[in-house]
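For reference, the structure discussed in these notes is given below.
Indexing begins at 1, ligand by ligand and atom by atom, following the structure's order. All of these numbers come straight from a predicted model, not from anything done at the bench.
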Amino acid sequence: MGYVSGLKCRECGREYPVDPIYVCEFCFGPLEVVYDYKRIKRVLTRKNIEKREKNLWRYKELLPINGEPQVGLQSGFTPLVKADNLARELGVRELYIKDDTVVHPTLSFKDRVVAVALTKAKEFGFDTVACASTGNLAHSVSAHGAKAGFKRFVFIPATLEQSKIVASLVYEPNLVAVDGNYDEVNRLCSEIANKYKWAFVNINIRPFYAEGSKTQGFEIIEQLGWEAPDNVVVPCASGSLLTKVWKAFKEFKEIGILKELGTKVFAAQATGCSPIAAAIKQGTDVIRPVKPNTVAKSLAIGNPADGFYASQVVKATNGYGEDVSDEEIIDGIKLLARTEGIFSETAGGVTIATTKKLIEQGRIGRNETTVVCITGNGLKTQEALTGHTAEVHYIKPNLGAFEETLNKIQSAR
Ligand SMILES: *Cc1c(COP(=O)(O)O)cnc(C)c1O
């Protein structure tokens with residue numbers, strides 16, 4: 001038995017029972033999961049959490065399931081790395097990397113949302129799961145769906161990186177590459193979802209799926225010793241992760257696990273697809289859809305479903321939204337690798353480069369504590385670095401050849 005009291009429209013507040021539905025029938029607003037915090041408060045304490053397995057289900061009372069977790073038992077509780085080298089380079093006192101490039105079976109934060117979505121799909125009795133993906137979700141649904149015994153239909157834009165396609169196909173889903181961008185894939189999937197009784201994790205299961213992102217927020221608080229950071233920088237595609245990291249912080253405050261909360265939430269986007277950052281910069285509530293053109297394909301959603309709500313969180317917390325060029329993204333990937341030994345995918349380059357910019361602008365204070373959310377592993381998007389990495393030293397297999405090269409390396413310093 002879970003702690004969910006129902007679904008509620010984020011716009012008009014109308015309430016619904018727990019079903020695989022996602023929009024309000026009256027105003028078409030998105031539905032959100034509502035919990036009984038009074039009951040949760042009685043059972044979910046710091047002590048209880050600390051005793052549990054180190055995976056994302058250690059916060060299960062604040063996740064929308066009824067029974068026991070069924071998917072993702074090896075996902076979550078990724079490291080929070082104190083990034084002293086990077087902090088020094090950027091000129092700030094305290095910087096942490098929430099490192100979702102590791103631990104997760106498919107090496108991105110999407111394993112969080114899919115763990116929750118597929119557990120819920122089981123509870124609803126679906127035998128087929130599906131998704132519209134910019135890449136990482138495809139991996140996650142393909143892999144976790146395989147383990148959980150679902151039939152899988154995965155829809156991607158046909159232009160996705162080859163390495164991302166292979167990393168889905170290996171799990172043998174039905175992979176459908178659509179001749180169009182993500183927003184077109186998503187529109188097609190909404191039509192399919194209306195016709196076929198499948199659990200589309202980011203369409204009809206979306207209210208439950210999205211809750212999985214909160215686990216990143218819960219972990220940040222726990223790993224900081226049950227304190228909230230001054231700043232958190234979150235990459236945005238649909239904007240969902242950002243809203244849920246904030247929801248997690250607020251929920252921990254609500255149930256008394258967190259004493260003080262004054263975090264500023266910052267949105268990071270690629271300039272080639274920055275509808276959320278643009279709205280924040282212009283001080284408008286209107287998210288103007290764009291046609292994505294960026295190397296950061298996992299963030300390339302031109303018409304972000306949660307863009308408005310993400311911009312509202314940023315506004316309410318006195319954060320900001322920034323965007324960075326493809327060149328800055330590559331530099332960001334390299335900076336993180338060079339200073340912290342962490343290889344992130346292009347989305348991480350976006351977040352690091354945006355953080356750098358926000359520090360330079362004085363929006364992130366040099367004496368404050370900042371957490372940067374790095375959401376996917378660099379092995380997924382190696383193509384992006386072609387022509388941007390240092391050279392390989394090719395030599396013949398003898399000592400003379402090596403020492404000749406060594407001389408060259410040392411004199412180049
Ligand atoms: C999906 C994704 C995000 C953010 O997604 P939202 O739609 O904003 O929740 C961030 N980083 C990576 C690597 C992703 O795959």
Side-chain angles (χ1 to χ4, degrees), residues 30 78 97-102 104 106-114 116-117 131-143 154 156-157 160-161 163-164 167-168 182-183 185-186 201-203 206-207 209-217 232-248 265-270 273-277 287 292 294-311 313-314 321 323 329 332-333 336 342-354 372-381 384:
T78 60
I97 300 295
K98 181 56 176 161
D99 187 7
D100 269 19
T101 70
V102 289
H104 294 139
T106 72
L107 305 179
S108 91
F109 104 96
K110 288 296 195 299
D111 287 357
R112 299 178 181 280
V113 279
V114 169
V116 175
C131 69
S133 172
T134 56
N136 288 322
L137 187 57
H139 300 168
S140 202
V141 167
S142 301
V154 168
I156 54 167
L160 213 58
E161 298 99 329
S163 54
K164 282 204 168 165
S168 290
Y182 173 82
D183 298 285
V185 178
N186 197 40
V201 299
N202 54 342
I203 300 177
R206 189 173 178 86
Y209 154 94
E211 289 289 291
S213 288
K214 291 191 308 192
T215 59
Q216 194 173 61
V232 62
V233 188
V234 189
C236 291
S238 73
S240 177
L241 173 63
L242 184 144
T243 65
K244 296 297 178 175
V245 166
W246 179 240
K247 186 178 181 186
V265 183
F266 295 88
Q269 292 207 292
C273 183
S274 53
I276 300 173
I287 307 290
T294 167
V295 68
K297 293 186 200 276
S298 56
L299 300 181
I301 298 184
N303 188 10
D306 289 285
F308 169 75
Y309 302 102
S311 72
V313 167
V314 167
D323 54 86
I329 293 168
I333 293 174
L336 182 62
I342 294 171
F343 185 17
S344 88
E345 69 140 274
T346 45
V350 169
T351 317
I352 293 293
T354 299
V372 182
C373 296
I374 299 300
T375 45
N377 192 294
L379 295 173
K380 290 169 176 253
T381 59

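Between D111 and T106, the side chains place a donor N or O and an acceptor N or O closer than 3.5 Å (distance only, hydrogens not considered). Side-chain polar atoms of R112 and T375 form no donor-acceptor pair below 3.5 angstrom. Neither side chain, K164 nor T381, offers a donor N or O lying under 3.5 Å from an acceptor on the other.
Looking at ligand 1, you'll find an N or O of S238 within less than 3.5 Å of one of its N or O atoms. At least one N or O atom of G239, backbone or side chain, sits closer than 3.5 Å to an N or O atom of ligand 1. Here's the thing with T134: none of its N/O atoms is less than 3.5 angstrom from an N/O atom of ligand 1.
Set against the non-hydrogen atoms of S240, the atoms of ligand 1 under 4.0 Å away are 6 (P), 8 (O), 9 (O). Each of the atoms 13 (C), 15 (O) of ligand 1 lies under 4.0 Å from some heavy atom of S298. Using a 4.0 Å cut-off to heavy atoms of A347, the atoms of ligand 1 that qualify are 11 (N), 13 (C). If you number the atoms of ligand 1 from 1 as listed, the ones under 4.0 Å from a heavy atom of L299 come out as 3 (C), 10 (C), 11 (N). Interface atoms of ligand 1 facing C236, defined by a heavy-atom separation under 4.0 Å, are 8 (O).
Looking at L242 against ligand 1, nothing comes within 4.0 Å, counting heavy atoms. With a 4.0 Å heavy-atom cut-off, ligand 1 is reached by no atom of K244.
Nearest protein heavy-atom contact of atom 5 (O) of ligand 1 is A237 CB, 3.6 Å. The protein non-hydrogen atom at the shortest distance from atom 3 (C) of ligand 1 is F109 CE2, 3.3 Å. Annotation: atom 11 (N) of ligand 1 to nearest protein heavy atom, T375 OG1, 2.6 Å. With hydrogens left out, the protein atom closest to atom 9 (O) of ligand 1 is L241 N, 2.8 Å, a heavy atom.
The main-chain N or O of N377 is never found under 3.5 Å from a side-chain atom of T101 such that the two would form a donor-acceptor pair. Checked by atom type and distance alone, the side chain of Q269 pairs as donor or acceptor with a backbone atom of C236 at under 3.5 Å.
Using a 4.0 Å cut-off between a side-chain N of Lys or Arg and a carboxylate O of Asp or Glu, D306 and K244 do not qualify as a salt bridge.
Inter-residue side-chain proximity for V185 and I156 is flagged as unmet; no heavy-atom pair is nearer than 4.5 Å. Using a 4.5 Å heavy-atom cutoff, the side chains of K297 and T346 are not in contact. At a threshold of 4.5 Å between non-hydrogen side-chain atoms, the residues I333 and E345 do not count as touching.
Heavy-atom distances between S213 and ligand 1 stay at or above 4.0 Å for every pair. Ligand 1 lies nowhere less than 4.0 angstrom from a heavy atom belonging to S108.
Taking SG from C273 and CG from D183, the interatomic distance works out to 7.5 Å, rounded to the nearest 0.5 Å. Taking OG of S168 as the reference point, atom CG of L160 lies at 7.5 Å (rounded to 0.5 Å).
Selection from K380, K110, H139 by nearest heavy atom to atom 14 (C) of ligand 1 gives K110.
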